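Encoded as structure tokens, the structure appears first; notes follow it.
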2 protein chains.
Amino acid sequence: MFRFVKGSIVDDKSDDQGDALVPRCRAVRADAQRNTHALLDAALAVFATSGVDAPVREIAVKAGVGVGTLYRHFPQRADLVAAVFRHEVDACADAAPVLAAEHGPSEALALWMQRYADFIATKRGLASALHSGNPAFDSLPAYFQKRLVPALRTLLDAAAVAGEARADVDAYELLTAVANLCMQVDGGCPAPAHRMVALLVDGLRYGARASSDGSID
Amino acid sequence: MFRFVKGSIVDDKSDDQGDALVPRCRAVRADAQRNTHALLDAALAVFATSGVDAPVREIAVKAGVGVGTLYRHFPQRADLVAAVFRHEVDACADAAPVLAAEHGPSEALALWMQRYADFIATKRGLASALHSGNPAFDSLPAYFQKRLVPALRTLLDAAAVAGEARADVDAYELLTAVANLCMQVDGGCPAPAHRMVALLVDGLRYGARASSDGSID
DNA sequence: TAATTATGCGGAACAATGTTCCGTTTTGTC
DNA sequence: GACAAAACGGAACATTGTTCCGCATAATTA
């Protein structure tokens with residue numbers, strides 16, 4: 001999902017014994033790629049506005065395609081939801097190296113944590129979906145962990161090496177803690193969650209000082 | 001909801017100046033009471049079997065009434081869900097004094113905690129509903145707390161007075177902890193949750209001994 | 001370039017489900 | 001027993017997920 005194959009996987013036209021056998025699979029059509037992309041973009045926007053329970057028709061309209069097209073690319077509603085979720089997890093994970101390149105270690109860590117907090121804050125309703133038992137969501141928690149834990153781990157390690165954060169924090173635990181922290185936020189006010197996350201990050205920084213003093217609590 | 005008024009609230013026929021004014025409100029009809037009861041019973045059974053997302057028609061059929069009747073008593077689906085939830089909270093809270101009368105303090109406490117754990121374990125899907133933003137569910141958390149905290153508080157106090165449990169545990173915290181504990185349980189296997197709850201209760205008992213030794217951690 | 005064909009598209013139609021409406025039935029009262 | 005208010009039943013409506021299939025179009029081939 002979401003990493004488009006530009007052509008068919010077969011090499012151009014050699015390697016095939018014979019000339020008029022099966023034509024192999026054709027390349028994915030350009031309009032199909034365009035529509036998949038448009039649907040993901042539209043779904044992202046609609047889910048953000050109306051929540052993950054928004055009607056598929058609304059998404060199809062926003063993407064400028066028919067419902068048939070939507071269902072051709074995402075056989076079930078849940079598949080579209082899962083694809084958007086994956087997309088957002090990817091975006092969040094990919095932000096880590098960018099921030100690391102543009103800022104100092106602890107600054108990059110702090111910025112990424114806020115980025116992650118924003119991501120979680122927009123996921124209300126999706127938590128319910130994850131526990132709905134729909135098999136389309138089965139792989140999402142693992143994907144979440146697989147992409148985000150290494151991203152955070154890298155930032156944490158860099159900050160620890162630079163002496164700007166304590167080194168004894170588990171990335172997964174931190175992700176979980178922040179998720180729980182931000183999940184409780186009601187309404188569209190992310191300020192309290194931001195403050196709590198900032199406190200956590202300051203705690204990481206404080207830990208670096210404390211351990212350099214030799215006093216780890 | 002669920003505490004039926006046997007007659008109209010007005011006193012029989014005096015206290016009214018005049019004879020042919022407004023006939024006041026009539027008593028609630030017998031069939032209406034019967035149907036409300038039947039609907040709650042049916043909903044309880046159906047929700048337990050098919051989850052809280054079961055179709056209203058299924059409930060109406062099981063109760064032996066038409067959907068119109070269902071909607072007369074519960075204007076929205078969510079109202080029926082909320083009513084059943086209240087009913088179950090009441091049943092759980094009411095079990096406390098019964099258990100207290102039939103068993104020793106710490107035994108009653110242990111039994112009630114398991115009773116509460118069972119209640120929570122059947123509530124998967126309802127947690128999602130509570131966070132759905134539907135105003136029909138707004139009052140449920142408060143009701144939950146109002147009924148169950150005193151019930152547990154009484155059992156805890158009795159056990160503490162008898163020297164069978166530690167006295168420094170907050171009832172609300174304990175309820176929340178057990179809820180989180182049992183909410184994670186997958187599938188229909190309540191055994192792990194039972195074990196965890198038992199461990200918690202044993203911890204309460206251990207605390208009694210520890211504090212009698214004067215060593216509270 | 002023109003013909004061919006697999007691929008993809010659109011949206012009407014279907015199915016499931018929450019909700020409303022209204023003619024009919026039942027109940028309580030006089 | 002007659003009457004009116006209350007309640008009932010279920011058909012009908014609205015919304016939404018999903019399927020189906022005739023038609024359009026992009027890639028391939030001659």
Side-chain angles (χ1 to χ4, degrees), chain A residues 4-8 10 12-13 16 18-39 43 46-47 50-82 129 132 134 136, chain B residues 4-8 10 12-13 16 19-39 42-43 46 50-81 129 132 134 136:
Chain A
F4 303 117
V5 182
K6 284 299 156 47
S8 68
V10 307
D12 279 331
K13 46 194 54 140
D16 207 349
D19 40 21
L21 286 181
V22 284
R24 292 296 192 121
C25 354
R26 280 189 181 180
V28 177
R29 273 169 51 166
D31 54 348
Q33 290 184 36
R34 221 170 26 235
N35 283 333
T36 305
H37 219 124
L39 279 166
V46 171
F47 288 161
S50 314
V52 286
D53 291 329
V56 288
R57 280 168 179 76
E58 188 178 339
I59 298 166
V61 168
K62 181 143 198 150
V65 304
V67 279
T69 302
L70 189 154
Y71 273 88
R72 161 162 287 269
H73 292 289
F74 305 98
Q76 297 203 37
R77 220 196 98 81
D79 295 323
L80 179 56
V81 176
S132 68
N134 189 320
Chain B
F4 303 114
V5 183
K6 283 300 156 46
S8 69
V10 307
D12 277 333
K13 48 196 53 147
D16 206 351
D19 40 20
L21 285 181
V22 282
R24 290 297 190 119
C25 353
R26 280 189 180 179
V28 177
R29 271 169 51 167
D31 54 348
Q33 291 183 34
R34 219 170 27 235
N35 284 333
T36 305
H37 219 124
L39 279 167
V46 171
S50 314
V52 286
D53 290 329
V56 287
R57 280 168 179 75
E58 188 179 339
I59 298 166
V61 168
K62 182 144 197 148
V65 304
V67 279
T69 301
L70 189 155
Y71 274 87
R72 162 164 288 268
H73 292 288
F74 305 98
Q76 298 203 37
R77 222 196 95 82
D79 295 323
L80 178 56
V81 175
S132 68
N134 189 319

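For the numbers below, each heavy atom of this structure counts, side chains included, while hydrogens, waters and symmetry mates do not. Everything numeric in this text was worked out from a predicted model, so none of it was measured.
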- Task: Using a cut-off of strictly less than 4.0 Å, decide whether Asn35(A) has a side-chain nitrogen or oxygen near OP1 or OP2 of dC9(C).
- Result: yes

Output a table of nitrogen or oxygen pairs between the protein and nucleotides 15-17 of chain D separated by less than 3.5 Å.
unit_1, atom_1, unit_2, atom_2, d
dG17(D), OP1, Arg77(A), NH1, 3.3
dG17(D), OP2, Val56(A), N, 2.8
dG17(D), N7, Arg57(A), NH1, 2.8
dG17(D), O6, Arg57(A), NH2, 2.7

Sub-3.5 Å pairs of nitrogen or oxygen atoms, protein against nucleotides 25-28 of chain C:
unit_1, atom_1, unit_2, atom_2, d
dT26(C), O2, Arg29(B), NH1, 2.8
dT26(C), O2, Arg29(B), NH2, 3.1
dT27(C), O4', Arg29(B), NE, 3.4
dG28(C), OP1, Ala30(B), N, 3.3
dG28(C), N2, Arg26(B), NH2, 3.4

- Note on the structure: When rounded to whole Å, the CG to P distance for the pair Leu80(B) and dT17(C) reads 16 Å

- Message: OP1 or OP2 of dG8(C) versus the side-chain N and O atoms of His73(A): is any pair under 4.0 Å?
- Response: no

- Query: Can you name the closest pair of heavy atoms from Thr69(A) and Leu39(A) and give their distance?
  - Reply: O-CD1, 4.3 Å

- Atom CG of Leu70(B) to atom P of dG18(C): distance rounded to whole Å? 10 Å

- Arg77(B) to Val56(B) - nearest heavy-atom pair and separation: CG-CG1, 3.3 Å

- Query: Which heavy atom in Ala82(A) sits nearest to a heavy atom in Ala136(A), and how many Å separate them?
  - Reply: CB-O, 3.9 Å

- OP1, OP2 of dG10(C) versus side-chain N and O of Thr69(A): anything below 4.0 Å? yes

- Listed partners of Ala43(A) passing side-chain contact (heavy atoms from CB on, under 4.5 Å), at least two apart: Phe47(A), Ile59(A), Leu80(A), Val84(A)

- Scanning both residues in full, the closest heavy-atom pair of His73(A) with Ala32(A) reads CE1-O, 3.4 Å

- Message: Could you work out, with side-chain contact (heavy atoms from CB on, under 4.5 Å) as the rule, every residue matching Val67(B), not counting sequence neighbours?
- Response: Arg57(B), Ala60(B)

- Message: Under the rule for side-chain contact (heavy atoms from CB on, under 4.5 Å), what residues qualify as partners of Glu58(B), not counting sequence neighbours?
- Response: Val46(B), Ser50(B), Ala54(B), Pro55(B)

- Note on the structure: Assert: residue with more 5' nearest nucleotide on DNA chain C, out of Arg72(A) and Ala78(B), is Arg72(A)

- Item | Residue list, side chain to side chain donor-acceptor pair (under 3.5 Å) with Asp31(A), at least two apart or on another chain | Arg29(A)

- Length of the CD-C1' vector between Gln33(B) and dA6(D), whole Å: 13 Å

